[in-house]
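Everything below concerns the one structure shown next.
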Amino acid sequence: MIDKRHEDARACLTDIRDGDTVMVSGFGDSGRPNWLMKALIDHGARNLTLISNNAGEGPVGAGALIMSGLIGKLICSFPRGAMVPAMMDLLNRGAFELEVIPQGTLAERIRAAGAGVSAFYTPTGYGTKHAEGKETREIDGRGHVLEYALKADHALVRAKQADRWGNLTYDKLGRSFGPLMCAAAAHTVAEVDEFVELGAISPEHVITPGIFVQKAVLTRPVPADAWKTEAAA
Amino acid sequence: MIDKRHEDARACLTDIRDGDTVMVSGFGDSGRPNWLMKALIDHGARNLTLISNNAGEGPVGAGALIMSGLIGKLICSFPRGAMVPAMMDLLNRGAFELEVIPQGTLAERIRAAGAGVSAFYTPTGYGTKHAEGKETREIDGRGHVLEYALKADHALVRAKQADRWGNLTYDKLGRSFGPLMCAAAAHTVAEVDEFVELGAISPEHVITPGIFVQKAVLTRPVPADAWKTEAAA
Amino acid sequence: MTLSAKGLSRDQIAWRLARDIPEGWFVNLGIGMPEKVANHLDGREVIFHSENGILGMGPTPPAGQEDPQLINAGKKPITALPGASFFDHAWSFGIVRGGHLDLCVLGAYQVAANGDIANWARSADDPLPAIGGAMDLAAGAKRIFVMMDHVEKSGAPRLLERCAYPLTGAGVVRRVYTSLAVVDVTPEGFVVREIVPGVSPGDLQAVTGARLAFAPDLGVLEAPAELAAPAPDAAAPGKAA
Amino acid sequence: MTLSAKGLSRDQIAWRLARDIPEGWFVNLGIGMPEKVANHLDGREVIFHSENGILGMGPTPPAGQEDPQLINAGKKPITALPGASFFDHAWSFGIVRGGHLDLCVLGAYQVAANGDIANWARSADDPLPAIGGAMDLAAGAKRIFVMMDHVEKSGAPRLLERCAYPLTGAGVVRRVYTSLAVVDVTPEGFVVREIVPGVSPGDLQAVTGARLAFAPDLGVLEAPAELAAPAPDAAAPGKAA
């Protein structure tokens, strides 16, 4: 019998190796897989490439991961917030590499990876610094930038419900990047409010079909002080 | 007050002009907007480009439109079924032009138009007759075909529920191309089982947000003999 | 009285801009100053989009009723109106990039006479560039209206021949609502449609970094006095995240 | 006894192929012959995809309970199992093209030693080419298994050095299950894994249009006799629509 429900978050992350690429869902505090991100810090794989829309709102989530010293490269759209001074310090010391991408392009690149589209032309960013060094093309009289699919080895995703096939629903604006990342990663772990019986989610209301999800665990709160780690080396 | 609900299907189609491009939703008999397609025949605009996954299953839907002589070009993935002899006859007489596209590429081209992606690289069809004359590119060691967004002036779409903002739900496999076409057309008319009050559809369950829908009408059955028109000139 | 004292408050600019939004438009309001536009629609039904995945965004909830999964692009608590819909980030930016929004209102550091907008960084060398969704919004909506103070706190002009700061979008701005005027961006450059009382075309040109043309039917921009603020505020423009 | 009389029935081919599908795979079964595979899983939980927008497709409903909005890619009535999900065509073919399906089973006119498959047209000049979803399925799934009679009704071979008919996909087939053998497609060409009883490697080579290698541990393909059909049937392979 297929059953993707697991008890131990940390055990779901054992396949994450040094140098892997990891996507984390969410927009700000909404839809962020705190329990899995904390487990990722404890897991301790190093030199990770982290793909997260936000980074730096505070010493939690992506901010805590960056401060943990486990991140070799950060790909995001908005590296701003209370952590800016600390992140600047780490950047100046060369502790990690940063790539900032327009948010819609970030979303579409992730979506493309999941959907088997290897590259696409978008008008976003044409004529700006973001397009420098990129291939461009005029289509229907308008400038476009060529962008490539962005995939990952792993995705950590916050959702609302999961059944044993891994079908997911989300909670309001917590949806955001979740469904895209589930499809774009080779191995997706979902952190959910509740496990439900197979068939409890109407086929009309499944947002992420289980084909995109490898494992699911129940969420638990992460106390603010649990995010703290030794300062990055 | 915004209210996209209308009573008269024919009146919703008055903006359709000779030479326009019209998408129709559905896969086989599922999700096909019969009432609107019959109204399109009655409306009588000529030299239309019709985009429909299927064509030719029988003297209904796209098959009836083709026999009506109003179609100048058909874009589809599967022009097969009981109508093949009649369609062959029309093709041989040059009565319409035909473009056949792999089904996933058709869906993705329509999706791209709605999402503001102007072109994309797909592995589908590389090395086949479908790729002849198309731009190709090797990405990550694999051959890809460049495909362009496919938009329309109008979309006629079958859905289940609509509220006055034009938010839609669908019925099972009747969803298929509907949500993509709503977004890809400048002017979308939805044919639905029922009108519901604003708020009756949970924000979690809206499949097509009203921003993609301009008008909605209640569906009505189209008797088999009502599809008949004079043979195409 | 200085020019800045004659200028509109942010609420007054928002009021003026809101008059140009008809019922039924789908609108994205950038973070910060543009959010005030929602307060001045006089009952017209306008549907607001927030790029983190909602159409039908409603006002701030009462204190104590905030939901951490209901926030806007600025990370502030919102509500979902009856008729709202949630969708993933690919569809949300499909709405943006696909030209489905009737209007996006953005704050800006600078706007150029060719429609260029700069609103995400004051330096091309910013090591932590805050692009967010601004480039997508600038490239995607049917119309881009900009709201901003006419000049910097320092008095430096923000309407320029060419932007000095890094661009968010090239040639995309349709109209600019400043503390002193309503200015269209046309193929021939800036054309002033309305000016606040007590400011002459010459005064306006003097605080503008690009040549201004003036509409033959140049209007007076009179905003409700009750919306006036004690003092103008020239903080950084809002940016999507 | 002729070779064709020694050949497997379609149900027997389906039975053999089904033995290679472990529990938990996501599988798309092409229209026609491949659909029979679903009958031979012996209780293993396998999730079926139909490209018109469902995962968790269940068996044909009882007569009278058909729902016109619940059909498979072949337009035949289906059911939705508990755990099923519906999605639009873009996501459905995202599942296909994105490499998420563990397996797609296709019928074919011809398969070549380089993995090419031809299953959508017998002529490049077909004025009504029935491409459907076959090209996407051929290009997208993690594995493509082909089910087909070993030869045409005319006796002409279907396993060839190069396909004569227009390609559906280039270099994509992993394994072919025919009425006479199980044949892997390898970088060195066809390698036979199993042959039905009573057919020698020489017999098989004689009805094959490409050079065959034979596995050192060449097996005997013995299928349950109760699945044998009265007479083999060599109609056109199924195609997605």
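It should be emphasised that the depicted structure is a prediction, and the values quoted were computed from it without experimental measurement. Chain identifiers are assigned alphabetically (A, B, ...) following the order of the sequence lines, protein sequences preceding nucleic acid strands; residue numbering begins at 1 within each chain.
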**OP:** Between chain C and each of B:G199, B:A112, B:A115, count heavy-atom pairs under 4.5 Å; write down the option with the most.
**Re:** B:A115
Subject >> Largest heavy-atom contact set with chain C, pairs under 4.5 Å, which of B:N167, B:I211, B:V206 >> reply: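 So the answer, after comparing B:N167, B:I211, B:V206, is B:I211.
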Subject >> Which atoms of B:K4 approach chain C - backbone, side chain, both or neither, heavy atom under 4.5 Å >> reply: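 Answer is side chain: those atoms of B:K4 sit under 4.5 Å from chain C.
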Original post:
Measuring heavy-atom distances to chain C, does B:A183 have an atom under 4.5 Å in its side chain, in its backbone, in both, or in neither?
Top reply: both
Heavy-atom pairs under 4.5 Å with chain B, option from [options] with the top count:
options: C:W91, C:F87, C:F86, C:F93; value: C:F86
options: C:A80, C:G94, C:G24, C:G56; value: C:G94
options: C:A139, C:S85, C:G98, C:G99; value: C:S85

Original post:
Which atoms form the tightest heavy-atom contact between B:I2 and C:E45, and what is the distance?
Top reply: N-OE1, 2.8 Å
Original post:
Which atom names give the shortest non-hydrogen contact between C:P82 and B:W165, and what distance separates them?
Top reply: O-CH2, 3.7 Å
Original post:
Is a side-chain donor or acceptor of C:E23 paired with a backbone partner of B:M1 at a separation under 3.5 angstrom?
Top reply: yes
Subject >> C:I54 versus chain B, the contacting section by heavy-atom distance below 4.5 Å >> reply: neither
Inspect the surroundings of [atom1] in [X] and state if more than 12 heavy atoms from other residues, nucleotides or ligands are less than 6.0 Å away.
X: C:E226; atom1: CD; value: yes
X: B:R10; atom1: CZ; value: yes
X: B:K215; atom1: NZ; value: yes
X: B:D8; atom1: CG; value: yes

